[in-house]
Amino acid sequence: MTTATETFRGARDFLLEHREDYATAYAGFRWPRPGHFNWALDWFDVIAENNDRTALHIVEEDGSEVRLSFAEMSERSDRAANWLRSRGVAAEDRVLVMLGNQAELWETALAAMKLRAVVIPATPLLGPADLRDRVERGRVKHVVVRAQDTAKFADVPGAYTRISVGGVPEEGWEPYEDVHAAPAEFLPDGPTLADDPLMLYFTSGTTARPKLVEHTHTSYPIGHLATMYWIGLKPGDVHLNISSPGWAKHAWSNLFAPWNAEATVFIHNYTRFDAARLMSEMNRAGVTTFCAPPTVWRMLIQADLSLLGTPPREAVAAGEPLNPEVIEQVRRAWGVTVRDGFGQTETAVQVSNSPGQPLKTGSMGRPSPGFRVELLDPVSGAPGADEGEVALDLSARPVGLMAGYHGDADRTAEAMAGGYYRTGDVASRDEDGYLTYIGRSDDVFKASDYKISPFELESALLEHEAVAEAAVVPAPDELRLAVPKAYVVLAEGWEPGPGTAEVLFEHSRRVLAPYKRLRRLEFGDLPKTVSGKIRRIELREATAQGSRHEYREEDFR
């Protein structure tokens with residue numbers, strides 16, 4: 001066991017020991033900062049040695065399943081690393097990986113780490129235009145892709161190695177299945193510097209061209225000790241995280257956090273979300289910890305939550321803030337409180353409600369161990385504000401922070417200006433140090449000189465049984481300059497029309513202060529990124545142009 005492994009294990013075990021003692025964990029945690037570290041070699045292979053416990057359990061929609069032990073995953077990734085090396089994959093090469101939730105995804109991730117290659121995760125939902133951008137800006141040398149997606153690369157130029165997973169490969173593509181005949185013993189070709197690049201993430205691009213976020217061999221593998229702590233993972237857990245491959249949350253909670261804790265990663269693949277089937281599989285697999293985005297939680301509460309006979313010990317939500325009404329419905333049905341966490345592609349979890357903390361309704365919790373979080377005054381930029389932009393103090397730079405925006409020194413400098421990493425998100429802090437999310441700095445708007453938080457209004461709307469999803473944006477108004485407009489996705493059993501609009505306007509008047517209440521309303525689907533985040537920029541643009549499908553509050557007086 002290397003010194004780096006021992007240091008990592010010591011930090012991990014400290015967080016496990018104080019899993020429900022936030023004050024001690026926050027005060028006493030120290031980031032491991034090794035000079036050399038390779039998570040696949042120095043951690044995963046160490047815990048995998050002679051370990052027959054299940055590391056990965058995948059259940060398909062047709063009922064077929066795959067179970068792989070830690071020892072099997074270690075050997076399979078060794079074979080994959082040897083085979084990829086024979087195909088020309090070398091240290092610092094960029095490898096675009098576009099796979100679904102399949103064993104080859106985890107094998108390839110571990111193998112690339114062992115080779116010191118740089119992984120560019122990509123969701124299979126991407127089309128040729130997105131792939132051209134990733135191949136060009138990511139300077140991709142190799143792609144590992146599902147066979148059904150190889151045709152997307154026909155119009156993606158570049159002299160990159162083409163590797164096809166599953167099915168019969170097309171001409172010019174090499175079959176990944178040859179991996180299994182590669183040697184089982186892997187020898188690294190050199191040491192891994194802790195600050196060497198490991199992953200390049202293209203952000204979801206809700207408002208602009210995707211940024212290219214660079215993570216190192218420590219910023220995500222070690223950084224996600226904080227994520228392990230937030231979820232409440234411990235050895236032997238069975239962890240289900242619902243997330244699409246290709247996005248940062250998948251690496252957060254389907255790779256690093258659970259395997260940092262020596263827990264099982266459980267996956268249920270489906271083409272269409274079925275709450276009853278999901279809960280049935282959770283029961284059968286014995287899921288003890290569960291993470292899902294707010295969209296999934298909102299769909300779950302439309303179903304009969306009592307179908308889950310054995311609720312998970314820990315339940316968390318991330319991606320966007322979770323509305324209080326959803327939390328309360330889950331608490332009533334399962335006796336479990338869904339705990340929010342806040343982080344970004346650029347970081348591990350920065351702020352969270354970890355196990356054992358007193359919870360405050362609507363709050364996303366307190367800073368994670370290892371993160372010194374400040375709120376910057378919107379005018380002066382000084383720290384210590386009661387309300388302001390969430391920022392990380394770089395004088396105590398957390399390991400779980402990106403190296404920067406790859407190839408964009410100006411954007412990196414802007415994000416790190418003044419000794420703080422600026423998230424672009426606004427929150428308030430109370431006297432106990434709890435942070436409450438207000439919104440993206442570019443989403444918060446003024447109406448009649450009152451500041452409006454879209455999240456607060458959306459949460460109020462979701463309290464009504466008619467509303468499955470909602471997004472609030474400013475609508476131009478001659479008198480007030482802007483007024484709140486809601487785009488609403490209705491729950492099953494409700495029909496769009498003036499009757500439902502009147503009901504929701506009345507609900508708004510009843511639960512919101514007069515200056516906050518909704519003034520306009522429109523029904524329909526919400527535009528989203530491929531990672532599931534609402535594209536508010538599209539809604540703002542559509543609102544500015546006007547719509548004949550819009551309902552106005554004054555029409556119902």
Would you call E75 and R79 a salt bridge, taking side-chain N to carboxylate O under 4.0 Å as the test?
yes

Please list, chain by chain and in numerical order, all residues satisfying side chain to side chain donor-acceptor pair (under 3.5 Å) with T361, sequence neighbours excluded.
none

Using a strict threshold of under 4.0 Å (side-chain N to carboxylate O), is an ion pair present between D149 and R146?
yes

Under a 4.0 Å N-O cut-off, is there an ion pair linking E262 with R53?
yes

From I301 CD1 over to I327 CD1, what is the distance, rounded to the nearest 0.5 angstrom?
10.5 Å

Kindly give the heavy-atom pair with the smallest separation between M98 and L131, and that separation in Å.
SD-CD2, 3.7 Å

Do the side chains of K114 and D45 get close enough for a salt bridge, i.e. N-O under 4.0 angstrom?
yes

Charged N-O contact under 4.0 Å between E174 and R162
no

E214: salt bridge (Lys or Arg N to Asp or Glu O under 4.0 Å) partners, not counting sequence neighbours
none

Looking at E92, I'd like to know if its CD atom is crowded, meaning that more than 12 non-hydrogen atoms belonging to other residues, nucleotides or ligands lie closer than 6.0 Å.
no

Less than 6.0 Å separating the ring centroids of F44 and F70?
yes

Check for me whether R12 meets the cation-pi criterion with F14, that is, NZ or CZ under 6.0 Å from the six-membered ring centre and within 45 degrees of the ring axis.
no

Side-chain donor-acceptor pair present, Y437, D425, cut-off under 3.5 Å:
yes

If you compare all heavy atoms of Y176 against all heavy atoms of A80, which two are closest, and at what distance to 0.1 Å?
OH-CB, 3.8 Å

For a 4.5 angstrom cut-off between non-hydrogen side-chain atoms, does K234 reach R19?
yes

Rounded at 0.5 Å granularity, tell me how far CG in L233 sits from OH in Y229.
13.0 Å

Decide whether W39 and N260 meet the rule of one side-chain donor and one side-chain acceptor closer than 3.5 Å.
yes

When every non-hydrogen atom of A318 is compared with those of K249, the smallest separation belongs to CB-CE, 3.7 Å

Give a yes or no on this: more than 12 heavy atoms of other residues, nucleotides or ligands lie within 6.0 Å of atom CG of D432.
yes

Are any of the side-chain nitrogens in R422 or E346 under 4.0 Å away from the carboxylate oxygens of its partner?
no

Quick check on the 6.0 Å ring-centre criterion: do Y220 and H215 meet it?
yes

Regarding D237 and T288, do their side chains bring together a donor and an acceptor under 3.5 Å, going by distance alone?
yes

Any donor and acceptor pair, going by atom type alone, linking the side chain of T108 with main-chain N or O of L105 inside 3.5 Å?
no

Ring centroid separation for W43 and F256, is it under 6.0 angstrom?
no

Does a salt bridge link R284 with E281, judged by any charged N lying under 4.0 Å from a carboxylate O?
yes

Can the ring centroids of F37 and H217 be said to lie less than 6.0 angstrom from one another?
no

